[in-house]
Amino acid sequence: CETCNEEEAKYRCPRCMKYSCSLLCVKKHKLALSCNGVRDKTAFVSVNEFTDLNLLSDYRFLEDVGRTADAAARYPTMHSPATKKLLYCLRNKARKCNIDLRTLPVGFTKRRENSTTFNFMEKKFYWHLKLVFPHCHAEYILKGVPEDKTLTDILKPYIDPVETDPVVCQRLKIYTMSPQSDVQILMKIENRKQNSVRYNELDASRSLLDNLKGKIIIEYPTLFVVLKTLKNDMVVLGQ
């Protein structure tokens, strides 16, 4: 057993191939490695190791993709005139704010999740926002974030040692214990080649709208909160 190193192994994880001896060790290894125990159907297999089982697995995977796409195409709400009109309105209003908002086809997860709205009475966006804290492997979804709210105020419930919820504070301890000057907010630049991924650095003192101007947004913004003192592989544009 690769978890307790005591008992003889009886099980092998389909995801990470770790050997375990009991249900307790299986749970421990999942917790320690953040492993879900589900086989990765898209994992790379070299030609030399490719077998009939791999071919069958790929075939079944493509069948699942076809069924999912067909089910999405039959979903009536996503194809209703009201939905299409709403998406056109969102894109049009964003364009007037100098934001290139792009929506995905029916069936994509981000399309289904997106809850961004435009309030015609107040004449402003309420964004669906995703916050990613890479150093703690944590993600949070925010709904109805007003466009005029500053990034500092948006992040306060997560990295401010005073205003943060105790549970969140414990999970993001490395952020709450670091000075605010070390916090850097990045957003991925869309439509770049996979081997040249770059990020824009955002201004925490400015509003969400000001930071999104002149940028391409696919469905909703995803902000990466990193610490300058810790090493990460995110390259800021211009560096």
Side-chain angles (χ1 to χ4, degrees), residues 31 33-34 36 90 93-94 97-104 108-119 122 124-192 197-239:
L31 187 62
L33 302 177
S34 299
N36 58 12
L90 283 175
K93 292 295 182 184
C97 297
N98 193 25
I99 299 173
D100 187 356
L101 178 62
R102 302 182 184 183
T103 53
L104 294 169
F108 279 77
T109 303
K110 289 188 76 173
R111 170 88 293 273
R112 188 171 60 250
E113 291 175 343
N114 195 1
S115 61
T116 300
T117 58
F118 183 83
N119 190 307
E122 300 177 11
K124 69 179 181 180
F125 275 94
Y126 284 86
W127 288 95
H128 182 106
L129 192 63
K130 184 176 182 179
L131 298 179
V132 181
F133 298 85
H135 304 305
C136 296
H137 304 288
E139 297 181 358
Y140 296 94
I141 297 294
L142 284 69
K143 296 183 179 181
V145 180
E147 64 177 29
D148 52 359
K149 195 170 185 179
T150 64
L151 299 188
T152 300
D153 291 336
I154 293 173
L155 291 177
K156 268 186 180 179
Y158 300 92
I159 62 175
D160 189 290
V162 178
E163 298 189 21
T164 307
D165 178 87
V167 177
V168 176
C169 183
Q170 185 62 30
R171 188 176 186 188
L172 304 179
K173 193 173 182 180
I174 192 172
Y175 288 92
T176 55
M177 294 181 66
S178 300
Q180 295 294 313
S181 57
D182 284 348
V183 177
Q184 191 177 29
I185 307 170
L186 306 177
M187 188 168 72
K188 184 181 176 182
I189 301 174
E190 303 294 348
N191 283 8
R192 288 184 66 94
V197 177
R198 295 293 182 271
Y199 294 82
N200 278 316
E201 183 174 2
L202 306 184
D203 189 346
S205 63
R206 302 183 68 182
S207 68
L208 179 61
L209 179 64
D210 289 339
N211 278 291
L212 296 182
K213 285 182 178 179
K215 297 178 178 66
I216 299 174
I217 307 296
I218 298 180
E219 288 294 347
Y220 55 81
T222 300
L223 308 184
F224 295 86
V225 186
V226 299
L227 297 174
K228 299 175 185 177
T229 53
L230 297 180
K231 188 180 183 300
N232 63 77
D233 55 357
M234 297 180 180
V235 182
V236 178
L237 187 69
Q239 291 184 349

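Reckoned from all heavy atoms, side chains included, excluding hydrogens, waters and symmetry mates.
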Inset, instruction - Return the minimal non-hydrogen interatomic distance between L172 and A138, and the atom names on each side. - result: CD2-CB, 3.8 Å

Inset, instruction - Ignoring hydrogens and angles, tell me if any N or O in the side chain of H135 forms a donor-acceptor pair with the backbone of L227 under 3.5 Å. - result: yes

Legend entry - Closest heavy-atom pair and its distance - P221, H128: CD-O, 3.3 Å

Legend entry - Partner of V183 by side-chain contact (heavy atoms from CB on, under 4.5 Å), out of L151, V226, V225: V225

Inset, instruction - Nearest 0.5 Å please: distance from the CD1 atom of I159 over to the CD1 atom of I185. - result: 7.0 Å

Legend entry - Spacing of CD1 belonging to I216 relative to CE belonging to M187, to within rounding of 0.5 Å: 10.0 Å

Legend entry - Distance-minimising heavy-atom pair for G144 and Y126: O-CD2, 3.5 Å

Legend entry - Spatial distance of atom CD (E139) from atom CZ (F224) [nearest 0.5 Å]: 8.0 Å

Inset, instruction - Verify, without hydrogens or angle tests, whether N114 (side chain) and E219 (backbone) share a donor-acceptor contact under 3.5 angstrom. - result: yes

Inset, instruction - Please report the shortest heavy-atom distance between C136 and I174, naming the atom on each side. - result: SG-CG2, 3.2 Å

Legend entry - Distance, nearest 0.5 Å, that separates NZ of K149 from CG of L209: 15.0 Å

Inset, instruction - Please work out which of the three classes, parallel, tilted or perpendicular, describes the rings of Y158 and Y140, given edges at 30° and 60°. - result: tilted

Inset, instruction - Please report the C-alpha distance between V132 and K188 in whole Å, then the side-chain angles of each, then the deciding distance to 0.1 Å, and finally whether the side chain to side chain contact (heavy atoms under 4.5 Å, CB included) criterion is met. - result: CA-CA 12 Å; V132 181; K188 184 181 176 182; over 6 Å; no

Inset, instruction - Search all heavy atoms of K143 against all heavy atoms of S115 and return the closest pair with its distance. - result: CG-OG, 3.5 Å

Legend entry - Reported CG-to-CG distance for the pair L202 and L212, which is rounded to 0.5 angstrom: 7.5 Å

Legend entry - Heavy-atom side-chain proximity of F125 to L90 below 4.5 angstrom: yes

Legend entry - Student check: side-chain heavy atoms of V197 and Y199 closer than 4.5 Å: yes

Legend entry - K110 (side chain) donor-acceptor with I218 (main chain) under 3.5 angstrom: yes

Legend entry - Spacing of CG belonging to L142 relative to OH belonging to Y220, to within rounding of 0.5 Å: 11.5 Å

Inset, instruction - Without swapping roles, check the side chain of T150 against the backbone of S205 for a donor-acceptor pair under 3.5 Å. - result: no

Legend entry - T222 (side chain) donor-acceptor with K130 (main chain) under 3.5 angstrom: no

Legend entry - Heavy-atom pair of closest approach, residues K124 and P146: NZ-CB, 4.1 Å

Inset, instruction - Look only at the side chain of N211 and the backbone of D203, and say whether a donor-acceptor pair between them is shorter than 3.5 Å. - result: yes

Legend entry - D148 side chain near E122 side chain, heavy-atom distance below 4.5 Å: no

